[in-house]
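Shown next, in C-alpha cells, is the structure this report addresses.
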Amino acid sequence: MEAIRIEGVTKVFGGTVTALDGLDLEIRAGELFFLLGGSGCGKTTLLRCIAGLETPTSGRIYFGDNDVTEMAPHKREAAMVFQSYALWPHLTVGQNIAFGLEERKVPKKEIKERVAAALEMVQLAGYGERSIDQMSGGQQQRVSLARALVVKPRCLLLDEPLSNLDAQLRVEMRREIRRIVKENGLTGIYVTHDQEEALAMADRMAVLSWGKIGQVGTPEEVYRSPLDSYVAGFIGETNLIVGKVLQIDGATCLVDAGGTILNGRVTSPGWQPAVGDEATVSIRPEVWRLHKDGGDNEISGKITERSYLGQRIEYFVETKVGSQQVVEMNPHVIHEPGDEVLLHAKIGDVVVLRK
Ligand code: ATP
C-alpha cells in the first residue's frame, strides 16, 4: 500500500502542447482514486507519468517517501491495465499472466503457484490452459487484471479498463475491480470518461481541466458541492442558469436570472460573491420538484417532453429561465406534455457558483 504525491507536475509534448500544467495531487494509500475530465484534459498523461511511461517536463512524483520521477517503470511496483487489454493472442491465459514473472526470473514452481492464485483472484481458476481467443471480452479483461496483479504491485493503474465491455458486464466488473483493490490493499488510480462509473466506485476523485485539477473530493462532495460550473456540468446532469448576484445572506445567495429570483448555497470556499457579480445557478434534475403547492425557488413552466423510465420519469419543462430537465423518482402523478406545472427546489439543494 502506497500513498502517491504529485508535486507541480508539468508535461509539455513537442514544446507546444501542455498536457499537464503544474499539477499537485495527493492520493492516499489504499484508496481507489478516479481521474475524470473532458477529452484531452491530461488524464492518460498523468497516469502514464505515474506508471513511468512518460517523464514529466518538470515537477516530482513520490510513492510514499520515494521520489520515483526518474525511476524505470518496472521498478515502481505499479501495474497498469489498459482498455485494449494488451494481451498476447498467441499465448495461453496462463502464459500471458506468467509473462511478467518470467521476465523477472521468478522460479518456475513459484510462477505456477502465483498464476493459479491470480486466476483465482479474478474468478478464472482452471482457465490457465485456454487460448486467449477462446475467452470473452469480460474474461479477457479479467486476464489482464490477473496479469497486473501477479507481479504483486503496490498500486494498480487502470486506463478506461471497462470501456470495451457491454453495459451489464461493466456494472459487474466495477464491483470486481473494487473488491480486488480493497482485498489486496492496493492504491488504485482509475481513468475514465464514465462519470457514473466514478460516482459508483471511487473513494475520491479529481476532475481535471486543461492539465490542472478542477476539484478533488469524495463522489458526494463533488456531486453535491461542485466548485465551479465545469465540475457541476461534468459530474452528473445539471441545469445551469446564468444570472447576477442580488443579495448575500450568510452561506446562501440570491441570484437574479432575468427577473426570476433563485436562492441557493455557495459551495466554493474560494469565491466570496459580491452584489452584481455574474453567477451560475446549478440545479440537478432530481432537485427540481413538481408540486401544485410550490415551495422555494418557484417557477412556472410547461412540460414539453416526457420519458417514462420505470421507477423514474424524466421531463423537460420550458420556463422563463430556459428548458429545465426534471427527474421524478417513484412519481404519484404522471404529467403530460402541454401540462402547466410549478417547479420548485429546496435552497439547500441549489448551488450558486462563480460564472
Ligand atoms: P482522452 O479522454 O481523450 O483520452 P486525456 O484526458 O486522457 O484524453 P491525454 O491523452 O492525457 O488526455 O492528452 C492530453 C493532451 O496531450 C492532448 O492535447 C493530447 O493531444 C496531448 N498528447 C498526449 N500524448 C501526446 C504525445 N505523445 N504527443 C503529443 N501530444 C500528446
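Any value given below was found using the heavy atoms of this structure, including those in side chains, with hydrogens, waters and symmetry copies removed. Atoms within a ligand are numbered from 1 in the order they appear, just like the ligands themselves. Residues take their numbers from the sequence shown, with the count starting at 1. The shown structure was predicted, so the numbers you read here are calculated from the model rather than taken from an experiment.
In this structure, Arg284 is positioned above the aromatic face of Tyr223, its NZ or CZ under 6.0 Å from the six-membered ring centre and within 45° of the axis.
A salt bridge does not link Lys244 with Asp256: every distance from a Lys NZ or Arg NE/NH1/NH2 to an Asp or Glu carboxylate oxygen is 4.0 Å or more.
Taking only non-hydrogen atoms, the option from Ser39, Gly211, Ala19, Cys41 nearest to atom 16 (O) of ligand 1 is Ala19. If you check each of Gly37, Gly40, Gly38 against atom 15 (C) of ligand 1, the one with the closest non-hydrogen atom is Gly40.
Ile313 and Val287 fall within the same hydrophobic cluster, where Ile, Leu, Val, Met, Phe, Trp and Tyr residues are linked whenever their side-chain heavy atoms come under 4.5 Å apart, directly or through other members.
Of the protein's non-hydrogen atoms, the one nearest atom 27 (N) of ligand 1 is Phe13 CE2, 3.6 Å. At the shortest separation from atom 11 (O) of ligand 1 among protein heavy atoms lies Thr45 OG1, 2.5 Å.
Distance check for atom 20 (O) of ligand 1: every protein heavy atom is found at 4.0 Å or beyond.
On a distance-only criterion, Glu160 and ligand 1 share no N/O pair closer than 3.5 Å.
Of all atoms in ligand 1, listed by their number and element, those nearer than 4.0 Å to a heavy atom of Val17 are 16 (O), 18 (O), 21 (C).
Both the backbone and the side chain of Thr44 come within 4.0 Å of ligand 1, counting heavy atoms alone.
Partner of Ser282 under the side-chain hydrogen bond (donor to acceptor under 3.5 Å, both in side chains) criterion, chosen from Thr238, Asp349, Asp228: Thr238.
There is no side-chain donor-acceptor pair under 3.5 Å between Thr187 and Glu2. Counting only N and O atoms by type, the side chains of Thr192 and Asp194 include no donor and acceptor under 3.5 Å apart.
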